[in-house]
Amino acid sequence: MILVGAALAGTVRMGLFVGANTGLGDEPRLTYAASEARDMARVFEEMGGFARGRTVVLQDPDADAVREAMRLLTAQIREASVAGDDTLLVFTYSGHGGRDGLHLAGTVLPLEDVRGWLERSPARVRVAFVDACEAGGLARGGTPTEPVEITVDDALTASGLAIVASTGPMEVARESSTFGGGVFTRALLTGLRGSADTDDDGLVTLDEAYRHAFEATVVGTARGASGVQRPEYRYAISGVGQVVLTRVPSRAAALVLPEEAEGVYAVVSVANGQVVARVEKQPGAARRVTLPTGRYVVRKIRRSDVLVGELDLVWGGDRWVDDGSLESVPLGDPLARGGWARRERLLRLQATVGSSLVGGVPALGGGRVGLQRAFAPRVHGLVAVDASTGARSEWAGSVRLTALVADVGVAWVRPFRLADIQVGGGASVLGVLQDVAWLVPSGGGGVDGVEERATQVLPGVFGQGIVRVAVGPRVGLEAGTTVRLARGVVDEAPRLLLAGTLDVGVAVGW
């Protein structure tokens, strides 16, 4: 029914993606729902042929903001219909809800309003995914029909409404840190990225996406205290063709689990620490999951340990991952939580070159050794010691400066797809040794050499910025700059001394 790509030049695809961490006053704040709206939109933009100008993403809106977005999309759909284009409308919601409706930042959007908007929409095909407690009340508004024989077509050859709800009436929707979000939404995202493509034709249909999300949600909540969560699927689709939601590009970046792989594999994005895919793999056919290019950690929890591996995905390259390529770490090891930036300890070795604290001395060069320990996922404490020296010689004499520095500070670490950014600062103590030698006329018409040594211990502060790129599960290359401000004595007068260095080196994590 719906294919993405050039064959659908006459089909306009539009989407409204809503995520709300904040519900009503007595409901606990969610962690992942708002970001899931952006994640869902990104999948449809990257793999579903949705233009960014045709997608609306709302994070923590109130009910009026959602109604306004609905009105905007309805107007755009009417314009497309007048132009003779068929339209596919996708609506997704992740957040709190109940029998009264969707709970949005202290307001309620009644289920009847949502269902009425979908049913009255002039879009030829409307598909809704709702991940909220008791969302089955929304799905029940649809009228089931018998499935038709379906074949892949290059245009919208059918029409109607399909609603997939994460729960049935009186059921609770689950959010899990293990899944990195809502259990149903994360399963759906994984399926749309290719894990649901069971017939390996490169197309993920509505039916395949629902079946994948249903099975993964039931398995993922089977041991929960709140009971098993069973997504509901209601549809009123007529015509011939499949509702194809996403296409898996043959040259896209993908993680592939081989035929013999077995177990539950979680894929964590180093950029944001979220679980972007969770694959329940059975022996048999290989499983391919398409992902955006970037850095990921793959982990598989077993009874006695966790298998962990870090990899880079680039466009046009498949990365095959089997258990033999993963590293075994004990349960509870920080590596098991995923991500280079989440290693609890770093040993940093750097070479430095930069300006001098005292005028008249050339650039200093040396090295630095540092240790870093995580106190929170993005907050690290750090200590470092570095030594550097610089010298200059002229016909009238020479000067040499040696500096020893001890730093204690705090750093904020932000992981991105290709690198980690670290910004920090703290207090410094600088020990400065200056040797000066010069020539003076002697009484016999010659010259005599004069030498003088001066030492100072200077209090100061420093600021530092580092870019770190992982080159292996434990090793990263880093480059950055450090700026110091210290108070010292120059020519018998107190002065503020400013110096900076360029730093390159290696970091080893564990």
Side-chain angles (χ1 to χ4, degrees), residues 177-180 186-187 189-191 193-198 200 212 215-216 219-220 248-271 273-347 415 417-420 468-477 506-510:
S177 59
T178 301
F179 285 77
R186 285 293 148 187
L189 284 166
T190 303
R193 287 202 172 277
S195 188
D197 182 21
T198 54
D200 201 28
H212 175 85
E215 293 172 1
V219 172
V248 183
S250 60
R251 293 290 296 167
L255 180 150
V256 184
L257 298 172
E259 292 83 352
E260 66 275 10
E262 181 179 9
V264 179
Y265 295 82
V267 184
V268 181
S269 169
V270 174
Q274 286 192 350
V275 177
V276 296
R278 189 175 186 274
V279 181
E280 308 242 358
K281 177 68 170 61
Q282 299 295 332
R287 295 287 292 277
R288 186 173 186 266
V289 180
T290 303
L291 296 168
T293 58
R295 292 164 52 206
Y296 297 92
V297 170
V298 180
R299 67 188 184 204
K300 173 185 175 181
I301 300 177
R302 302 191 295 190
R303 289 182 178 272
S304 59
D305 65 354
V306 181
L307 296 180
V308 179
E310 189 167 346
L311 54 88
D312 288 304
L313 288 182
V314 297
W315 182 258
D318 287 350
R319 288 295 301 271
W320 288 73
V321 177
D322 57 22
D323 291 358
S325 64
L326 304 178
E327 178 184 359
S328 173
V329 296
L331 285 172
D333 189 287
L335 283 173
R337 294 199 294 271
W340 160 263
R342 287 158 184 77
R343 298 194 185 282
E344 290 194 351
R345 300 173 182 85
L346 287 178
L347 171 65
R417 287 187 180 181
L418 302 179
D420 298 340
R468 186 178 301 115
V469 179
V471 294
R474 294 182 180 273
V475 180
L477 299 179
V506 62
V508 180
W510 70 98

State, yes or no, whether a side-chain contact exists between [X] and [Y] at a heavy-atom distance under 4.5 Å.
X      : Y      : result
Val298 : Leu255 : yes
Tyr265 : Asp323 : yes
Asp420 : Arg295 : yes

Sequence-distant partners of Ala285, side chain to side chain contact (heavy atoms under 4.5 Å, CB included), two or more places apart | none
Could you list the residues that satisfy side chain to side chain contact (heavy atoms under 4.5 Å, CB included) with Val506, not counting sequence neighbours?
-> Leu349, Val475, Leu477
Restricting to non-hydrogen atoms, name the atom on [X] and the atom on [Y] that form the minimum distance, rounded to 0.1 Å.
X      : Y      : value
Glu259 : Ala286 : CG-N, 3.9 Å
Val308 : Arg299 : CG2-CB, 4.3 Å
Glu262 : Lys300 : O-NZ, 2.6 Å
Ala507 : Leu346 : CB-CD2, 4.5 Å

Is the backbone of Pro258 close enough, under 3.5 Å, to the side chain of Lys281 for a donor and an acceptor to pair up by distance?
-> yes
Excluding sequence neighbours, so at least two apart, what forms salt bridge (Lys or Arg N to Asp or Glu O under 4.0 Å) with Arg193?
-> Glu46
In Å, rounded to the nearest 0.5 Å, how long is the span from CG of Leu307 to CZ of Arg302?
-> 4.0 Å
